[in-house]
Amino acid sequence: MKIDKIQIQKHNDKLYSAHQRKVKQLVNENPTAKRVINKLVDFQIAIPSWALGTGGTRFGRFSGGGEPRNLEEKLSDVGLLHSLNKSSGAISLHIPWDIPTSTRKIKALAAEHGLQFDAVNSNTFQDQPGQKLSYKFGSLQHVNAKVRQQAIDHNIDVIKHGKALGSNSITVWLSDGSCFPGQLNFRKAFQRTLEGLQEIYAALPSNWKMFVEYKAFEPNFYSMTVGDWGQSYLYASKLGPKAYTLVDLGHHLPNANIEQIVSLLLMEEKLGGFHFNDSKYGDDDLTVGSINPYQLFLIFNELVEGMDARKMNHATDLGWMIDASHNVKDPLEDLLQSVEAIKMAYAQALLVDRRELNRAQEANDVAKAQEILQQAYRTDVRPLVAESRLKTGAALQPIQLFRDLDVRKQLIFERGLNTVATGL
Ligand code: RM4
Ligand code: MN
Ligand code: MN
């Protein structure tokens with residue numbers, strides 16, 4: 001299924017005058033609003049190929065039907081999102097879930113949908129059917145060199161797939177760790193993991209980045225071998241200039257100050273990118289901004305400040321990716337909500353009066369500093385985000401149009417009710 005320009009035009013025409021009124025007011029009140037709209041136009045967020053199907057809840061897996069059956073259909077789903085919001089112009093693939101049968105055809109199809117290939121992801125956190133050696137006791141940290149080699153070879157293979165598709169980064173997330181005290185020599189596990197990462201790093205094409213993703217916990221865990229930003233930073237520093245830390249918002253211990261982590265990693269030029277999601281307790285992979293939108297704003301506030309201090313390009317110098325799982329909502333609607341939440345937080349951060357904030361900080365004017373931040377956070381920026389969509393030919397209200405066009409019904413008609421997407 002494809003959404004054509006006329007359908008979008010019709011939808012926008014209906015909503016135009018009400019929308020226009022709101023934008024005008026915002027532009028009148030905020031001298032920087034026009035600049036914000038232009039920045040929003042450039043800002044793209046990659047969609048994870050593994051989140052286009054329905055994930056499970058404790059009670060079971062309740063698919064809404066029409067899930068993409070292969071990589072071609074996954075591209076088509078992301079293409080649908082992108083035509084609705086023109087902000088999801090990239091897909092992040094997971095190997096072996098997304099091995100293309102024909103690289104040439106997949107590249108052509110992606111181009112047809114206006115999509116690029118973002119970071120490719122390796123998987124040494126699950127034993128695959130037919131796999132020679134097991135990861136029961138870890139992958140890159142394993143005491144057996146043969147298991148480590150298998151994990152290294154897999155990552156190098158993932159780089160090859162990514163290179164063929166035109167991707168330029170790999171995300172390595174390891175669930176390596178231990179279940180009980182005494183099980184693992186932490187220092188040796190770190191060294192072995194580092195050596196494995198070094199071999200993978202050596203296989204990177206010159207213009208590539210490697211993202212080392214950390215996570216504080218796994219079910220049944222006692223220790224994690226890439227457990228926090230300190231450990232990830234250690235690996236990335238020892239590996240070299242092409243290695244960076246990747247921050248997945250759900251991978252921290254409760255109440256971690258993620259915005260401070262982000263600020264310092266940026267300062268050290270070691271922040272590579274993000275996996276956006278939201279959570280209340282653990283790695284819940286919920287819709288971005290659904291639980292703690294203020295935290296998301298504070299993260300973007302540090303990002304904008306830190307990137308500007310280094311004269312970085314907001315749109316291209318970091319990896320912006322969603323990593324979520326959709327259990328009781330339509331995955332496509334959920335992803336539209338996530339993209340919207342990210343763009344809102346970014347827009348609010350762009351509205352912060354930096355000069356005034358700096359002045360308040362230097363004067364220890366704590367109340368004023370808070371006022372400045374919250375003035376931006378409490379601005380309803382939805383019309384600015386909608387205006388950026390209008391400018392690029394996307395829909396003023398993507399979810400509304402998704403529903404009006406009965407997209408899910410159409411996908412079920414094309415693919416069937418009982419299809420299952422590979423991924424989470
Ligand atoms: C992990 C982690 C990784 C993702 C897998 C599917 O929890 O967040 O980024 O690749 O899930
Ligand atoms: Mn992640
Ligand atoms: Mn995760």
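This chain uses plain numbering: 1 for the first residue, then up along the sequence. Counting convention: from 1, in listed order, for ligands and their atoms alike.
- At least one N or O atom of Asp248, backbone or side chain, sits closer than 3.5 Å to an N or O atom of ligand 1.
- Relative to the six-membered ring of Tyr233, Lys270 misses at least one condition, a distance below 6.0 Å or an angle of at most 45° to the axis.
- Nearest to atom 5 (C) of ligand 1 among the protein's heavy atoms is Phe125 CZ, 3.9 Å.
- Counting only N and O atoms by type, the side chains of His94 and Asn121 include no donor and acceptor under 3.5 Å apart.
- Interface of Asp283 with ligand 1, defined as ligand atoms under 4.0 Å from a residue heavy atom, comprises 7 (O).
- Near His275, meaning under 4.0 Å from one of its heavy atoms, ligand 1 places the atoms 9 (O).
- When heavy-atom distances to ligand 1 are checked against a 4.0 Å cut-off, Asn123 has no atom that comes that close, whether in backbone or side chain.
- The number of heavy atoms from other shown groups lying within 6.0 Å of CG (Asn418) does not exceed 12.
- As for Asp283, its N/O/S atom nearest the Mn ion (ligand 3) is the one called OD2.
- Side-chain contact between Ile170 and Phe211: absent, with no pair of heavy atoms (C-beta onward) separated by less than 4.5 Å.
- Taking the six-membered ring wherever Trp is involved, the centroid distance between the rings of Phe300 and Phe276 falls below 6.0 Å.
- At a 3.5 angstrom cut-off on N or O pairs, Asp323 counts as close to ligand 1.
- For ligand 1, the atoms lying closer than 4.0 Å to a non-hydrogen atom of Lys215 are 7 (O).
- Ligand 1 has an N or O atom lying under 3.5 Å from an N or O atom of His251, backbone or side chain.
- Geometric assessment of Lys39 against the ring of Tyr346 yields a negative cation-pi assignment under the 6.0 Å and 45° thresholds.
- Between Glu305 and Arg310 there is no salt bridge, since no side-chain nitrogen of the basic residue lies less than 4.0 Å from a carboxylate oxygen of the acidic one.
- Considering CG of Asp285 and OG of Ser325, their distance stands at 6.0 Å, rounded to 0.5 Å.
- By the 6.0 Å contact criterion, CD on Gln375 is open, its count of non-hydrogen atoms from other residues, nucleotides or ligands being 12 or less.
- For atom 9 (O) of ligand 1, the closest non-hydrogen atom on the protein side is Glu213 OE1, 2.7 Å.
- Between Tyr235 and Tyr214, the gap from one ring centroid to the other reaches at least 6.0 Å.
- Shortest contact from atom 6 (C) of ligand 1 to any protein heavy atom: Leu424 CD2, 3.7 Å.
- The shortest N or O to N or O distance between Trp173 and ligand 1 is not under 3.5 Å.
- Donor-acceptor pairing under 3.5 Å is recorded for the side chains of Thr54 and Glu67.
- Around the Mn ion (ligand 2), the protein atoms of type N, O or S found under 2.8 Å away are Glu213 OE2, Asp248 OD2, His275 ND1, Asp323 OD2, listed by chain and number.
- Two residues are said to be in side-chain contact when any heavy atoms from C-beta on lie closer than 4.5 Å; Leu298 and Leu373 meet this criterion.
- Atom 10 (O) of ligand 1 has His94 NE2, 2.8 Å as its closest protein atom, hydrogens excluded (heavy atom only).
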